[in-house]
Number of protein chains: 2
Amino acid sequence: MPILRSLDGYAGSLAQRVYGTLKEAILDLSLKPGAILRKGEVCATLGVSRSPVSEALARLASEALVDVVPQAGTFVARLSMEEVREGAFLREALELAAVELVAGAATEAQLIQLRRSLRLQEALVEDADVGGFYAADAQFHEMILSFTGHRRLPGLSRTAWVHVDRARRLLLPEPGRVGETLEEHRAILAALEARDPVAARGATRTHLRQVVTRLERLVEARPELFA
Amino acid sequence: MPILRSLDGYAGSLAQRVYGTLKEAILDLSLKPGAILRKGEVCATLGVSRSPVSEALARLASEALVDVVPQAGTFVARLSMEEVREGAFLREALELAAVELVAGAATEAQLIQLRRSLRLQEALVEDADVGGFYAADAQFHEMILSFTGHRRLPGLSRTAWVHVDRARRLLLPEPGRVGETLEEHRAILAALEARDPVAARGATRTHLRQVVTRLERLVEARPELFA
DNA sequence: GGCAGCTAACATGCTAGCATGTCGCGCACT
DNA sequence: AGTGCGCGACATGCTAGCATGTTAGCTGCC
């Protein structure tokens with residue numbers, strides 16, 4: 001059993017903490033795709049019983065992060081370009097609908113929040129704080145989604161994106177990408193400020209397709225990674 | 001405990017059958033919104049233990065069909081116009097993205113399937129078979145979603161729509177609505193045949209907003225239904 | 001030497017009972 | 001009479017052990 005971070009640092013019921021621990025390990029590939037994931041071992045490692053583990057695995061199965069084969073075993077899902085494409089499609093659908101709505105309905109206060117986030121992103125780029133920038137990036141997108149007024153939308157978008165996020169670990173960092181990302185965010189904000197839904201959709205679509213394009217190139221170059 | 005249909009007729013594990021039984025009862029309002037849903041009673045009624053019931057309730061909670069309050073109780077979700085709007089937004093986002101994609105990529109074989117479905121719908125309208133028509137309606141939409149090639153899309157769309165579907169039980173049948181629905185389907189298919197993504201989006205949007213519009217009128221007339 | 005069948009180990013799914021925290025009712029007090 | 005407090009009943013969450021079905025390896029046979 002690979003090293004599994006302890007439950008500390010996660011909140012809520014045991015099942016929820018087990019879920020968080022396992023999900024993180026799957027997403028950062030410390031649990032290898034295709035590996036068997038024995039419930040008994042997880043129980044022993046984390047020091048909990050099998051019910052919370054079962055519930056956590058059920059949730060992960062509903063996100064297609066693990067495959068549960070009845071009476072046979074539970075396996076970490078393999079990287080799948082199919083899943084990546086589907087996840088990207090879903091997030092794109094949600095986020096395009098969101099920017100379209102927000103372009104027509106954003107309040108001044110909301111625009112101010114977005115501008116502030118952009119200023120923060122600029123500072124992080126100047127400081128070359130890549131980790132911080134990606135956090136601000138995620139927050140920027142979540143803001144837009146939450147401005148629709150739909151509470152569960154940000155979470156759904158995150159869930160849709162998990163397979164893309166996992167596959168992204170295989171990409172090497174590309175110098176200058178953060179700067180381009182910042183520029184794309186500027187274009188989205190500009191379209192929102194102009195209250196132009198079509199431009200907002202276009203800018204968002206362009207932005208979201210960057211990662212997937214790079215992944216498509218990767219799968220072409222090294223198809224064995226997506227067995 | 002209201003009458004709960006037996007597990008027979010559902011396939012898969014016990015948990016899955018319990019899930020199906022409960023979901024059906026919640027959706028057709030035979031489990032009253034706001035009612036308490038005791039695990040123990042469900043176990044006794046269905047003759048199963050608490051693990052499968054717990055798993056089923058966890059899934060229902062993730063769809064916001066029940067509220068689980070730790071150490072307090074489980075409650076059938078109340079009807080909520082918020083949830084209806086969010087569900088409608090989600091399905092619209094997914095289905096607009098789907099028709100846009102399909103308009104550009106549909107094969108002739110797929111168009112033939114859709115035309116065949118429309119012919120079936122016409123026959124059902126002529127025979128005034130409303131139930132059959134709604135089944136064909138659902139199938140028509142599922143076809144379009146599946147033509148994107150994304151396997152889980154139809155299921156996600158169904159899940160998104162559950163709150164709308166539940167609230168729809170409150171609407172009285174409206175004479176002539178099936179005819180209008182058929183006409184709207186014709187418009188969607190026409191746009192797909194013309195390979196016109198913009199028109200397809202427009203026709204789909206118009207179509208999907210019909211139910212929500214009627215629900216908005218209902219909540220205005222009888223707000224107490226959505227406590 | 002290769003293949004088929006069997007057996008044994010072991011995976012998950014389910015059942016039953018214990019620990020923990022909450023809510024509501026009743027009683028005493030103000 | 002109204003209010004605050006305390007206790008009891010009971011809800012879910014968790015733990016531990018049993019039933020069921022699969023898989024892999026070994027053995028015997030061809």
Side-chain angles (χ1 to χ4, degrees), chain A residues 1-2 4 6-23 26 31-78, chain B residues 1-2 4 6-23 26 31-78:
Chain A
M1 166 68 57
L4 220 51
S6 144
L7 300 171
D8 308 334
Y10 293 94
S13 66
L14 271 185
Q16 200 139 1
R17 283 183 280 173
V18 173
Y19 169 78
T21 305
L22 286 174
K23 184 167 179 176
I26 293 173
L31 281 173
K32 297 270 184 305
I36 190 166
L37 191 57
R38 276 174 260 268
K39 276 188 187 177
E41 282 190 34
V42 177
C43 296
T45 306
L46 296 178
V48 298
S49 185
R50 286 168 43 193
S51 289
V53 174
S54 288
E55 187 178 326
L57 287 176
R59 288 181 61 184
L60 291 169
S62 78
E63 300 173 24
L65 285 174
V66 301
D67 293 324
V68 179
V69 184
Q71 269 78 29
T74 305
F75 303 86
V76 179
R78 297 180 180 281
Chain B
M1 168 67 57
L4 220 52
S6 145
L7 300 173
D8 307 335
Y10 293 95
S13 67
L14 270 186
Q16 200 139 0
R17 282 183 281 174
V18 173
Y19 168 78
T21 306
L22 286 174
K23 185 167 180 177
I26 293 173
L31 280 172
K32 296 271 184 304
I36 191 167
L37 191 58
R38 276 174 262 268
K39 277 188 186 177
E41 284 189 33
V42 177
C43 296
T45 306
L46 296 179
V48 298
S49 185
R50 286 169 42 194
S51 289
V53 174
S54 288
E55 188 178 327
L57 287 177
R59 289 179 61 182
L60 291 169
S62 77
E63 300 175 22
L65 285 174
V66 302
D67 293 324
V68 178
V69 184
Q71 269 78 29
T74 305
F75 303 87
V76 179
R78 297 179 181 282

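In what follows, chains are A, B, ... by sequence order, proteins preceding strands, each numbered from 1. Values in this document were obtained by computation on a predicted structure and should not be read as measured data.
- Under 3.5 Å, the side chain of A:Q71 and the base of C:dT12 form at least one donor-acceptor pair of N or O atoms.
- A straight line from CD of B:Q16 to C1' of C:dG13 spans 13 Å, rounded to a whole angstrom.
- Rounded to an integer number of Å, the gap from CD of B:E55 to P of D:dG13 is 13 Å.
- Backbone-only contact: B:T74 has heavy atoms under 4.0 Å from sugar-phosphate atoms and none from a base.
- Atom CG in B:L14 sits about 15 Å away from atom C1' in D:dG21, given to the nearest Å.
- Side-chain atoms of A:L22 and A:V66, non-hydrogen and from C-beta on, never get closer than 4.5 Å to each other.
- Across the protein-nucleic acid pair, A:R38 atom CZ and D:dT22 atom P stand 19 Å apart, rounded to whole Å.
- The distance from the CG atom of B:L57 to the CG atom of B:L65 is 11.0 Å, given to the nearest 0.5 Å.
- Along DNA chain D, the nucleotide nearest to A:A15 and the one nearest to A:V69 differ in position, and the one closer to the 5' end is contacted by A:A15.
- Considering only side-chain atoms of B:S49, the nucleotide from D:dT23, C:dA16, D:dT15 that sits closest is C:dA16.
- Out of D:dA16, D:dG13, C:dG13, the shortest distance to the side chain of B:S13 is found at C:dG13.
- In the set C:dC18, D:dT15, D:dG17, D:dG17 carries the atom at the smallest distance from any side-chain atom of A:R50.
- Among D:dT15, C:dT22, D:dA11, the nucleotide with an atom closest to any side-chain atom of B:A72 is C:dT22.
- From B:L37, atom CG reaches atom CD1 of B:I26 across 6.5 Å, with rounding to the nearest 0.5 Å.
- Rounding to whole angstrom units, CG of residue A:L46 and C1' of D:dT15 are separated by 15 Å.
- Atom CZ in A:F75 sits about 11 Å away from atom C1' in D:dT22, given to the nearest Å.
- Rounding to the nearest 0.5 Å gives a distance of 12.0 Å between NZ of A:K23 and OG1 of A:T21.
- With 3.5 Å as the limit, one finds no donor-acceptor pair spanning the side chains of B:T74 and B:K39.
- Of the candidates D:dT15, C:dT15, C:dT12, the closest approach to any side-chain atom of A:V68 belongs to C:dT12.
- One interatomic measurement links the two molecules: CD of A:E41 to C1' of C:dT12, which rounds to 14 Å at whole-angstrom precision.
- In this model, the phosphate group of D:dC10 is not approached by any side-chain N or O of B:K39 to a distance below 4.0 Å at OP1 or OP2.
- When rounded to the nearest whole Å, the span between CG of B:D67 and C1' of D:dT12 equals 15 Å.
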